[in-house]
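Below is one structure, written out as structure tokens; comments come after it.
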Amino acid sequence: YTSYVPPNGVPQRKTEETRRDRIASGARWTFENGVTVQAKGVAEDYGSESIEYAGATAGSRRSAEMRMRHLTLQADLPAWAGQLWQFGADVHEETLHQTVNGVPELDGPGEARRSSNELFVQNDILLGDRWELLLGARYQDDSDFGGHLAPKVSLKANVYASGDWRGVLRASVGQGYRVPNLKERHYRFDHSSLGYVVIGDPNLKPESSDSVQLGGTFDFGTAVKLDANLFHNRVKDLIQIDQDNGVPVNGITEYRYEN
């Protein structure tokens with residue numbers, strides 16, 4: 001695009017280089033007593049560097065580095081008294097460093113960092129041949145937002161069985177919870193060459209939800225299958241980009257994340 005600097009128009013452009021390195025691995029062990037243990041890990045590094053030009057003259061140089069590490073451990077116990085227990089833990093860490101012309105854009109030491117530790121448990125209870133009850137809960141301890149417990153309960157019933165006809169009803173009630181990541185709180189997504197930027201909001205709150213679902217499946221052998229589901233989700237403090245209230249700044253529209 002071109003900016004008018006009397007008495008001439010000065011062409012503006014921007015170059016950007018990005019890189020993303022991601023490594024994921026996992027392992028699974030099954031012991032003689034029937035216990036199964038799984039481990040999964042993900043490491044991701046992202047970097048970008050952009051330079052704005054006015055004519056042939058280089059202007060501001062923005063650099064960003066984001067790093068994420070995540071580890072999941074899960075243990076599944078063998079069936080015991082009609083119950084299938086599952087235990088697990090998640091460990092998460094992420095950092096963000098962003099500068100303009102070598103000067104940190106973020107407050108404090110110029111780096112944002114957060115970590116979280118989570119524990120989850122689930123018990124699948126078989127109540128005879130007809131009923132199945134699933135109980136679960138996840139507790140998260142976040143370095144920025146503290147602790148939160150999210151439970152879930154679901155029930156399945158085999159309500160009809162005659163010949164090749166089968167009928168199953170399902171119902172569930174649960175809570176969801178998600179804290180804003182560092183990108184949503186601090187990162188500046190600069191697409192000024194396309195006319196807009198997206199800026200993180202450090203004051204974002206975690207989003208939470210309550211969900212209720214009711215469904216059923218009726219099938220006749222492998223020839224006919226009917227599915228029906230009703231659900232209701234109530235979300236509080238949804239994290240999203242506020243696309244209705246962009247603010248023009250020097251010909252560039254700035255959007256922000258909001259609850």
message = Side chains of D76 and Q74 only: does a donor on one sit below 3.5 Å from an acceptor on the other?
response = yes
request  = Kindly indicate, with the supporting measurements, whether the criterion salt bridge (charged side-chain N to carboxylate O under 4.0 Å, His left out) is fulfilled by K205 and D237.
outcome  = CA-CA 7 Å; K205 296 178 289 186; D237 295 322; 3.6 Å; yes
Shortest non-hydrogen contact from Y139 toward G147 = OH-CA, 3.5 Å
key: Test item: N101 side-chain N/O and V103 main-chain N/O as donor-acceptor pair under 3.5 Å   = no
ask   = Do S172 and V153 have side chains that get closer than 4.5 Å, going by heavy atoms?
value = no
message = The test is salt bridge (charged side-chain N to carboxylate O under 4.0 Å, His left out); show your working for E118 and R138 and say whether it passes.
response = CA-CA 7 Å; E118 301 181 35; R138 177 180 289 266; 2.7 Å; yes
request  = Please report the C-alpha distance between H92 and R114 in whole Å, then the side-chain angles of each, then the deciding distance to 0.1 Å, and finally whether the side-chain contact (heavy atoms from CB on, under 4.5 Å) criterion is met.
outcome  = CA-CA 8 Å; H92 182 89; R114 65 168 286 264; 3.6 Å; yes
ask   = Given side chains that start at C-beta, do those of I51 and E16 come closer than 4.5 Å, heavy atoms only?
value = no
key: Pair R234 + D210, salt bridge at N-O below 4.0 Å   = no
task = Test F31 against V37 for side-chain contact (heavy atoms from CB on, under 4.5 Å), laying out the working first.
result = CA-CA 8 Å; F31 300 95; V37 177; 3.7 Å; yes
inquiry  = When you measure from the side chain of R130 to the backbone of N158, do you find a donor-acceptor pair of N or O atoms at a distance under 3.5 Å?
reply    = yes
task = Keeping to residues at least two apart or across chains, list the ring pair (Phe, Tyr, Trp, His ring centres under 6.0 Å) pairs with something in residues 219-259.
result = W165-F220
request  = State plainly whether the residues R19 and E49 are in salt-bridge range, i.e. N to O under 4.0 Å.
outcome  = no
key: Donor-acceptor contact below 3.5 Å, side chain N259 vs main chain L204   = no
query = Are R188 and E254 ion-paired here, with the side-chain N under 4.0 Å from a carboxylate O?
reply = yes
message = Give me the atom names and distance for the closest heavy-atom approach of L182 to E94.
response = N-OE1, 3.1 Å
key: Lys/Arg N to Asp/Glu carboxylate O, R170 vs E132, below 4.0 Å   = no
inquiry  = Please determine whether a side-chain nitrogen of the Lys or Arg among R113 and E111 lies less than 4.0 Å from a carboxylate oxygen of the Asp or Glu.
reply    = yes
key: Separation of T30 OG1 from R28 CZ (nearest 0.5 Å)   = 5.0 Å
query = Is the shortest side-chain N to carboxylate O distance from D45 to R22 below 4.0 Å?
reply = no
message = Closer than 3.5 angstrom, by distance alone: can the side chain of S208 be matched with the main-chain N or O of G176 as a donor-acceptor pair?
response = no
ask   = With no hydrogens and no angle check, do the side chains of T95 and H97 hold a donor and an acceptor under 3.5 Å apart?
value = no
task = May I ask you to decide if the ring planes of Y187 and F189 are parallel, tilted or perpendicular, using 30° and 60° as cut-offs?
result = tilted
query = Between S209 and N233, does any side-chain donor sit less than 3.5 Å from a side-chain acceptor?
reply = no
remark   = What one should report as the nearest heavy-atom pair of V91 and N117 is CG1-OD1, 3.7 Å
task = Please assess I239 against R178 for the test side-chain contact (heavy atoms from CB on, under 4.5 Å), listing each intermediate value before the final yes or no.
result = CA-CA 9 Å; I239 300 171; R178 185 178 78 85; 3.5 Å; yes
ask   = Hey, are R20 and E44 close enough for a salt bridge, meaning a charged N less than 4.0 Å from a carboxylate O?
value = yes
key: Atom of S154, atom of L133 and distance for their closest heavy-atom approach   = O-CD1, 3.4 Å
message = With ring pair (Phe, Tyr, Trp, His ring centres under 6.0 Å) as the criterion, how do F87 and W85 come out once you've worked through the C-alpha distance, each side chain's angles and the decisive distance to 0.1 Å?
response = CA-CA 7 Å; F87 301 90; W85 284 93; 5.7 Å; yes
query = If you measure from the Lys or Arg side-chain nitrogens to the Asp or Glu carboxylate oxygens, is any gap between D90 and K40 under 4.0 Å?
reply = no
